[in-house]
There are 2 protein chains.
Amino acid sequence: MNKLSLQSYINNLLPMPANKTMLIANQFKEYELPKNELLIKESKLCKETYFLESGFIRSYIRDNNGNEVTTNIFSAPCFVNDFLAFFKQQPANENFQTLTQCVLQKMSYELVQTNFHTHPEFREFGRIMLVTNYSALQSRMLAMIKDTAEERYLKMLKQHPEIFQNIPLKIIASYLGITDTSLSRIRKETILK
Amino acid sequence: MNKLSLQSYINNLLPMPANKTMLIANQFKEYELPKNELLIKESKLCKETYFLESGFIRSYIRDNNGNEVTTNIFSAPCFVNDFLAFFKQQPANENFQTLTQCVLQKMSYELVQTNFHTHPEFREFGRIMLVTNYSALQSRMLAMIKDTAEERYLKMLKQHPEIFQNIPLKIIASYLGITDTSLSRIRKETILK
DNA sequence: GTAATTTCTTGCCAAATGACAAGTTGTATT
DNA sequence: AATACAACTTGTCATTTGGCAAGAAATTAC
């Protein structure tokens, strides 16, 4: 088994004995998905949690005009999930779709619960993930309020250049809260500067 | 001591023996604030957590044009805090300001930690509060994306009519993500329907 | 290699929203 | 009661943004 990416990701966030990390990582099952597949579907239960080893995934919802609005873009390596829906075992609020071919590691809800019970470190890791996600959501919310689309674009370009090299701009535009037309205009202007 | 509001609030969210609730509630200290006072200041540490017994409080930030943008409106009874900043003991991201005279109950961070350690129920209560807040933030985010300002206005009017009877419309407008001018126009149109 | 599809840019126009100002109403203060 | 202040509405105008469509460029499929 080769779960080094997952192991180092876990250990990075919460240092613990190597054998413990391996014990947990080995319980994940590798899972491949081609491009444009739905990993999680709105209003369906999330019975598994996922670690994205390679590839790109986005979450999106539909607004009242039927337009897809991208709420998040996930760039490996990271955990991917509707965390609230997963931990509460309630229907998902959003759709999650692969944007490229993806290699994932998955673990069932039951197994997560068992491991939470058996390994305090893993439970603590789960708590950290929850707070991290909460924190990310708050930052995004504040950025949407505070910053202009152009500022959010520049920040994203700096922090996640790899996304711009792999994902269509129309999806990035939707994530930034604007249309692809507007993003195109912003790009034109920022190049001039 | 009269902490019945706090006790019933706690017990409602997480049923536990009455003497336990009382034991915890009695460790909060009553705290009054007049209108328009700052309870939590951006970039300052939050050394206490608050339960709002009566009154109204808002959280706000400044956007890049220097305008105050209301991020939340709290209507008693409820807990009020920058939860992430409090639990991580990091500088607050937002300002919290009383909109009316307020009666609060407060508890210091140290005492919260002690109680988390001593009373598993209280720790569980804290976890529930975290998830509840996370959940509320996600709902708000999705609503801001999905719904028009008018729909958000109507929803809020239905769910929190008491806010409209006590808080200036310009603050509500700012919370809805529009100007007071636009809100005024929306109100005019929705009355006609 | 060619065709088909998707992505990206750009122009034009319409719609929505904000800025500003004026005027009205309501509340608080003395 | 008179004054001052804050809240709310409304009009005008400017700016921003989106919708749509056309065309170029890039990618994918056959």
Side-chain angles (χ1 to χ4, degrees), chain A residues 34-37 55-56 58 60 62-70 73 97-101 143-154 156-157 161-193, chain B residues 34-37 55-56 58 60 62-70 73 97-101 143-154 156-157 161-193:
Chain A
K35 193 173 170 176
N36 290 326
E37 292 287 315
F56 294 88
R58 70 164 180 148
Y60 70 92
R62 283 181 188 283
D63 68 16
N64 283 335
N65 297 323
N67 304 314
E68 290 181 1
V69 182
T70 299
I73 299 174
Q97 178 192 39
T98 56
L99 296 171
T100 60
Q101 209 215 344
M144 290 293 278
I145 293 170
K146 260 187 182 166
D147 306 335
T148 63
E150 181 173 332
E151 287 164 334
R152 293 200 304 279
Y153 163 71
L154 290 172
M156 192 173 166
L157 188 58
E162 80 282 5
I163 291 180
F164 288 81
Q165 288 145 21
N166 289 278
I167 308 300
L169 287 179
K170 66 173 181 179
I171 287 179
I172 296 172
S174 153
Y175 176 70
L176 292 171
I178 54 179
T179 55
D180 54 344
T181 308
S182 288
L183 178 55
S184 187
R185 284 174 193 140
I186 288 174
R187 284 162 63 83
K188 191 180 178 183
E189 279 165 30
T190 53
I191 286 170
L192 298 178
K193 288 175 187 168
Chain B
K35 193 173 170 178
N36 289 328
E37 292 287 316
F56 294 88
R58 71 163 178 148
Y60 70 91
R62 283 181 189 284
D63 68 15
N64 283 335
N65 298 324
N67 304 314
E68 289 181 1
V69 181
T70 299
I73 299 174
Q97 179 193 39
T98 56
L99 296 172
T100 60
Q101 209 213 345
M144 290 292 277
I145 293 171
K146 261 189 182 166
D147 305 335
T148 63
E150 182 174 329
E151 287 164 334
R152 294 201 303 278
Y153 163 70
L154 290 172
M156 192 174 166
L157 189 57
E162 80 282 5
I163 291 180
F164 288 82
Q165 288 146 20
N166 290 279
I167 307 302
L169 286 180
K170 64 174 181 179
I171 287 178
I172 296 173
S174 154
Y175 176 69
L176 292 171
I178 54 180
T179 57
D180 53 345
T181 309
S182 288
L183 178 56
S184 187
R185 284 175 191 140
I186 287 174
R187 284 162 62 83
K188 191 182 179 184
E189 279 166 29
T190 54
I191 287 168
L192 298 178
K193 289 176 187 171

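Every chain is numbered from 1, with letters handed out A, B, ... down the list of sequences. All values derive from a computational prediction rather than experimental measurement. Every heavy atom of this structure was used, including side-chain atoms; hydrogens, water molecules and symmetry mates were not.
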Side-chain heavy atoms of B:Leu169 within contact of B:Arg187, under 4.5 Å: yes
Within the structure provided, determine whether B:Glu68 and B:Arg62 are in side-chain contact (heavy-atom separation under 4.5 Å).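 They are in contact (side-chain heavy atoms under 4.5 Å apart), so the answer is yes.
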Tell me whether A:Thr100 contacts the main-chain N or O of A:Phe56 through its side chain, where contact means a donor paired with an acceptor under 3.5 Å. yes
Can you sort out the partners of B:Asp147 under side chain to side chain contact (heavy atoms under 4.5 Å, CB included), two or more places apart, ordered by chain and number? A:Asn64, B:Ala143, B:Glu151, B:Arg152, B:Lys155
In whole Å, I'd like the distance from the [atom1] atom of [X] to the [atom2] atom of [N].
X: B:Phe164; N: D:dA7; atom1: CZ; atom2: C1'; result: 15 Å
X: B:Tyr153; N: C:dT17; atom1: OH; atom2: C1'; result: 18 Å
X: A:Lys170; N: C:dT5; atom1: NZ; atom2: C1'; result: 11 Å
X: B:Gln165; N: C:dT27; atom1: CD; atom2: P; result: 13 Å
X: A:Ile172; N: C:dT6; atom1: CD1; atom2: C1'; result: 15 Å
X: B:Leu183; N: D:dC8; atom1: CG; atom2: C1'; result: 10 Å
X: A:Asp180; N: C:dT10; atom1: CG; atom2: P; result: 13 Å
X: B:Glu189; N: C:dT17; atom1: CD; atom2: P; result: 10 Å

Show me the donor-acceptor pairs within less than 3.5 Å that the side chains of residues 171-179 of chain B make with the rest of the protein, sequence neighbours left out.
residue	atom	partner	partner atom	Å
B:Ser174	OG	B:Thr70	N	2.6
B:Ser174	OG	B:Thr70	OG1	3.4
B:Thr179	OG1	B:Ser182	N	3.3
B:Thr179	OG1	B:Ser182	OG	3.4

First locate atom CD1 of A:Ile163, then atom CD1 of A:Ile73, and finally report the distance between them rounded to the nearest 0.5 Å.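 It is 5.0 Å, given to the nearest 0.5 Å.
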Contact state string [nucleotides 13-30 of chain D, B base, S sugar-phosphate only, - no protein heavy atom under 4.0 Å]: ----SBBB----------
